[in-house]
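Read the structure below first, then the notes.
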Amino acid sequence: MNIGSLSEEVLNSLSKLLDNSICGWRQLANAVSEQPKFRCSESELTCCSLQVLSAAGSPGRTLLARLADRSCSLDFLLHCLRKIDHQEAVQYLTSIEAELIQITVQPQNQQASVGGRVVLICRATGPPGLSYQWFRGKEEIFDQTGSTPELVLCPSALVHQGPYICRVNHGENVVFSKWAHVRFVQSAGCSSTLFTGSVSGLHVIVQPQSKSVSEGDTLLLECSAEANPPAQYQWYHNTEPLTQHKTRSLKIPCVTTAQRGQYKCKMFNLYHEAWSDTATVTIGPSSITEASWVEVDRGRGSQQEVHRSTYGAGSHPLQQIVNPPPPARLLYATDKVALLIGNMNYHYHTQLSAPIADVHELTNLLRQMDFKVVSLLDLNWQEMHSAVTEFLLLLDKGVYGLLYFAGHGYENFGNSFMVPIDAPASYTSEHCLCVQNILTRMQEKETGLNVLLLDMCRKRNLNDDIIVQPGLLKVTANIVFGYATCADAEAYEVKREDVSNGIFISFLKRRVCEDEKVTVMLDRVAEDMGRCQITRGRQALELRSNLSERRSLIDQIQASECSTSHSARNLQWVVAHVLPQSRCLEFDCGAKVQLGFAAEFSNIMVIYTRILEKPEEIASCCAHLTDFPEDVAINLKKSNQETLLEAGSLLLINENLPSPEVSSLYTRIRCLQRLKRDLTFTVCLQYTYSNMDEEVQERQTVSVGKPLVSKLNLHEPRPTCASSCSSSFSPDSFNVPECSFFNSVAESSEWSYQAQTAATTDLPTSTRSANVPEETVCHELFDPPKPLVVSSSLPHSQLNDTNFKFSDIYNFQSH
């Protein structure tokens with residue numbers, strides 16, 4: 001069991017015992033260093049000692065936090081405490097460890113017939129290595145099952161009658177179960193005189209029935225079975241067990257839409273198990289919506305009140321309330337589009353680390369929900385402005401639009417501003433993008449849902465005294481703002497060496513795929529954040545919304561009658577995600593080299609090289625990539641690496657690539673949005689012959705066109721685009737000709753044929769469920785949709801979603 005499993009109270013008490021200079025945390029740090037992974041560096045020890053300068057600081061607590069981060073076990077901690085002869089800490093931790101043993105299944109009283117089979121069960125959770133001992137009265141049972149969680153008495157005899165108890169041991173710590181009595185009844189065969197059922201089966205006599213109830217009502221489902229021994233019950237909701245409902249009746253008061261779905265009950269005893277039929281529960285609108293309402297005309301001099309009622313003629317209000325409500329109107333999207341921007345590498349401001357993981361995680365989750373996602377990292381002002389313009393072109397009537405931004409930001413006079421990576425040290429609204437202006441343009445598209453998730457600070461910018469006047473917002477009742485933090489507060493990320501999510505996304509990713517109204521989902525995220533001790537008092541999600549309908553991010557897509565615009569959006573999105581085709585290069589020496597391409601983000605690509613064939617007379621050879629254009633960003637020290645991690649790609653893992661028989665070299669290319677011409681590079685083949693020491697070199701120049709988002713030319717100003725956040729801003733600043741995008745597409749001869757093909761076919765709306773490397777985009781783009789699942793953890797992060805590691809509190813970084 002890990003140190004991290006200890007409660008806050010236990011850790012505080014233990015740290016107080018370690019905060020002394022004679023036999024304390026320094027001696028413990030020396031003792032744990034016998035295992036290299038727990039050895040603390042000088043800087044880490046200095047960080048611990050500096051905690052004494054803080055009123056609430058504790059060197060011992062900081063050391064325990066670091067040990068917890070490195071998965072130090074309780075057994076090893078006890079070993080080290082005994083090693084430094086800290087008797088008080090050993091005694092305290094031993095008593096706490098004993099409390100950690102919990103019996104989860106208690107043995108039950110049994111009635112049986114002589115010659116039958118009796119099974120007593122005791123199960124416990126706790127530290128690894130738990131052992132069991134069974135006793136009948138004061139006598140220990142030494143037969144084959146006497147030291148297992150299940151004691152089996154077969155064939156049973158009268159001598160087996162009596163009280164039984166189980167002792168669970170872990171070292172010197174023990175916990176006893178409850179007493180269970182075994183009694184024998186005199187019957188000719190089975191115990192049918194005592195039970196209506198027989199030992200030969202379990203019979204379901206009452207099945208749960210499907211129901212339709214209103215929000216706020218009480219849900220009651222019943223299930224019953226005849227069995228010998230008597231059956232136990234466990235209810236399930238959408239395949240998940242309801243741990244609090246273990247009786248034949250399931251009663252849930254004041255239901256909400258969260259309780260709708262499928263219910264089943266499992267009935268079981270020692271010998272048999274059976275499942276009930278599935279009962280489908282639908283939750284309709286609350287009965288209160290059927291009540292009468294009063295409209296008051298508040299015009300000048302008017303005192304008129306118009307009473308209206310939704311009740312039908314001749315019907316009594318109470319009679320209508322008890323009737324099942326009509327089914328809710330099915331809501332759908334004509335399409336779903338998302339723009340995700342993560343800014344990390346600022347030129348004049350603090351560098352951030354979490355946006356790369358946050359954008360990656362949210363991209364995968366949104367793609368599972370059939371969103372067309374454009375994910376971009378590290379954009380300057382012009383690139384952000386152009387990306388938003390292209391995003392607006394993807395929107396149309398009934399489309400769900402989602403904008404997510406992670407990076408530096410601020411809020412002045414109720415307007416939120418996203419800071420590009422090239423913003424000067426004393427930036428103002430002139431150097432940033434105003435979110436409210438973007439929302440105004442989204443509304444002009446008559447979208448079905450507008451969701452803006454801002455993972456940034458909302459502190460006042462003292463350098464900016466300009467009051468921006470965005471365009472007037474329409475009353476569309478479809479706007480949702482999800483702020484990672486409150487007004488005039490900072491948003492934080494956790495500074496770590498590996499890749500890990502920021503605080504907001506760590507909680508959001510657990511809820512975003514839920515079939516709930518967007519505001520309900522975000523409310524639950526806020527509640528989850530509020531329960532996390534490390535964020536309490538520092539960061540709290542704020543939700544602003546006027547959403548009147550129950551719209552969810554997982555709503556189905558139903559294309560509008562205007563199929564031309566739907567196909568155009570598909571084409572417009574696809575063009576920004578086209579990867580070069582995998583190709584094979586043949587060299588004069590007879591060697592063959594394969595080039596493969598993978599998309600990490602819409603503006604980041606990984607190229608990998610493999611040696612497919614080489615003549616027998618060549619002892620060794622490898623293919624390196626070099627001579628890339630200056631427009632793109634490449635870390636030369638991390639190019640042509642044997643693993644993706646060494647190449648700087650922390651989010652792609654080798655398991656996602658085709659399993660090659662030979663090794664590959666990886667090169668990661670960033671900032672593709674700045675590519676002004678076709679991506680051209682050189683493949684350099686270096687090889688040596690078996691009978692020669694001198695290395696031979698061959699070179700081939702390769703051009704792969706403009707991959708991924710580079711086709712959109714985001715580095716170029718849009719024709720009529722003015723400053724998106726200056727004081728002279730008008731709503732028309734984003735007005736660009738609708739054909740501007742397709743003009744840029746036509747410039748690429750490589751795309752022209754594919755565009756014609758795509759325009760004449762029905763492009764599916766589903767997208768890839770994850771950013772995985774691929775040799776060609778053509779097949780991956782049109783995979784059928786996959787079931788909704790919460791995205792797995794990032795490959796190089798061990799971050800717990802809701803319980804951040806203790807030492808992280810000293811590594812907060814505000815956006």
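One-based numbering along the sequence shown. Owing to the predicted nature of the structure, the values given are computational and were not obtained by experimental measurement.
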Open item on the list: Check the orientation of Tyr608 and Tyr666. Use parallel for under 30°, tilted for 30 to 60°, and perpendicular for over 60°.
Closed with: tilted

Open item on the list: Testing the basics here: between Thr609 and Ala623, what is the closest heavy-atom pair and its distance to 0.1 Å?
Closed with: OG1-O, 3.1 Å

Task: Side chain to side chain, Glu642 and Leu665, heavy atoms closer than 4.5 Å - done: yes

Task: Ile557 side chain reached by Lys336 side chain, heavy atoms, under 4.5 Å - done: yes

Open item on the list: Please give me the minimum heavy-atom distance between Cys457 and Ala491, naming the atom from each residue.
Closed with: SG-N, 3.4 Å

Open item on the list: Can a donor-acceptor pair be found, under 3.5 Å and without considering hydrogens, that links the side chain of Glu383 to the backbone of Asn380?
Closed with: yes

Open item on the list: Between Lys372 and Leu366, does the side chain to side chain contact (heavy atoms under 4.5 Å, CB included) criterion hold? Intermediate values first, please.
Closed with: CA-CA 8 Å; Lys372 294 179 176 66; Leu366 290 175; over 6 Å; no

- [ ] State which residue, out of Lys614, Glu698, Glu695, fulfils the side-chain hydrogen bond (donor to acceptor under 3.5 Å, both in side chains) condition with Tyr687.
- [x] Glu698

Open item on the list: I need the Leu365 CG to Ile554 CD1 distance, nearest 0.5 Å.
Closed with: 12.5 Å

TODO: Determine yes or no for a side-chain-to-main-chain donor-acceptor pair under 3.5 angstrom, with Gln700 supplying the side chain and Glu586 the backbone.
DONE: yes

- [ ] Over all heavy atoms of both residues, which pair between Arg610 and Ser664 is shortest? Give the atoms and the distance, please.
- [x] CG-OG, 3.0 Å

- [ ] Please list, chain by chain and in numerical order, all residues satisfying ring-ring contact (aromatic ring centres under 6.0 Å, His included) with Tyr427, sequence neighbours excluded.
- [x] His349, Tyr410

Open item on the list: Would you compute the distance between atom CZ of Phe405 and atom CG of Leu379 and round it to the nearest 0.5 angstrom?
Closed with: 9.0 Å

Open item on the list: Quick check: do Asp422 and His431 have side-chain heavy atoms less than 4.5 Å from each other?
Closed with: no

Task: Euclidean distance, Tyr492 OH relative to Ile503 CD1, rounded to 0.5 Å - done: 8.5 Å

Open item on the list: Measuring only between side-chain heavy atoms, which start at C-beta, is Lys509 closer than 4.5 Å to Leu362?
Closed with: no

Open item on the list: Tell me whether Arg70 is salt-bridged to Glu44, with the criterion being a basic N under 4.0 Å from an acidic carboxylate O.
Closed with: yes

Open item on the list: Using every non-hydrogen atom in the two residues, find where Val399 and Leu395 come nearest and quote the distance to one decimal.
Closed with: CG1-CD2, 4.0 Å

Open item on the list: Any heavy-atom pair between the side chains of Leu612 and Val593 that's under 4.5 Å?
Closed with: no

TODO: Go through the steps to decide whether Arg39 and Glu34 satisfy the test salt bridge (charged side-chain N to carboxylate O under 4.0 Å, His left out), and finish with yes or no.
DONE: CA-CA 7 Å; Arg39 185 176 296 125; Glu34 71 180 52; over 6 Å; no

TODO: May I ask you to decide if Gln351's main-chain N or O and His408's side chain share a donor-acceptor pair within less than 3.5 Å?
DONE: no

- [ ] Check the side chains of His360 and Ser375 for a donor-acceptor pair under 3.5 angstrom, ignoring hydrogens and angles.
- [x] no

Task: CG on Leu708 to CE on Met605, rounded to 0.5 Å - done: 6.0 Å

Task: CD1 on Ile421 to CD1 on Ile341, rounded to 0.5 Å - done: 11.5 Å

Open item on the list: With a 4.5 Å cut-off on side-chain heavy atoms, are Leu454 and Val435 touching?
Closed with: yes

Task: Minimum heavy-atom distance His715-Leu675, with the two atoms named - done: CE1-O, 3.5 Å

- [ ] Look only at the side chain of Lys711 and the backbone of Lys706, and say whether a donor-acceptor pair between them is shorter than 3.5 Å.
- [x] yes

- [ ] Using distance alone, with no hydrogens and no angle criterion, decide if Glu390 and Ser386 have a side-chain donor and acceptor under 3.5 Å apart.
- [x] no

TODO: Assess whether atom CD of Gln556 is packed by more than 12 heavy atoms of other residues, nucleotides or ligands within 6.0 Å.
DONE: no

Show me, pair by pair, the donor-acceptor contacts under 3.5 angstrom made by side chains of residues 625-639, not counting sequence neighbours?
unit_1 : atom_1 : unit_2 : atom_2 : d
Asp627 : OD2    : Thr682 : OG1    : 3.1
Asp627 : OD2    : Arg699 : NH2    : 2.7
Asp631 : OD2    : Lys676 : N      : 3.1
Asn635 : OD1    : Lys637 : N      : 3.1
Ser639 : OG     : Leu636 : O      : 2.9

Open item on the list: Within the 3.5 Å criterion, strictly below it, is a donor on Arg668 or Ser649 matched to an acceptor on the partner's side chain?
Closed with: no

TODO: May I ask you to decide if Val374's main-chain N or O and His577's side chain share a donor-acceptor pair within less than 3.5 Å?
DONE: no

Open item on the list: Heavy-atom count check: over 12 atoms from other residues, nucleotides or ligands less than 6.0 Å from Gln697 CD?
Closed with: yes

Task: Residue pair Thr701 / Thr680, side-chain heavy-atom distance below 4.5 Å - done: yes

Open item on the list: Looking only at the side chains, is there a donor atom on one of Asp335 and Tyr400 sitting less than 3.5 Å from an acceptor on the other?
Closed with: no

Task: Smallest separation among heavy atoms of Ala484 and Met456, with atom names - done: CB-N, 4.3 Å

Task: Pairing residues for Tyr348 by the ring-ring contact (aromatic ring centres under 6.0 Å, His included) criterion, not counting sequence neighbours - done: none

Task: Trace of the side-chain hydrogen bond (donor to acceptor under 3.5 Å, both in side chains) decision for Ser710 with Gln673 - done: CA-CA 5 Å; Ser710 62; Gln673 75 275 9; over 6 Å; no

Task: Leu403 side chain reached by Val451 side chain, heavy atoms, under 4.5 Å - done: no

Task: Check: Asn345/Asp378 side-chain N/O donor and acceptor closer than 3.5 Å - done: yes

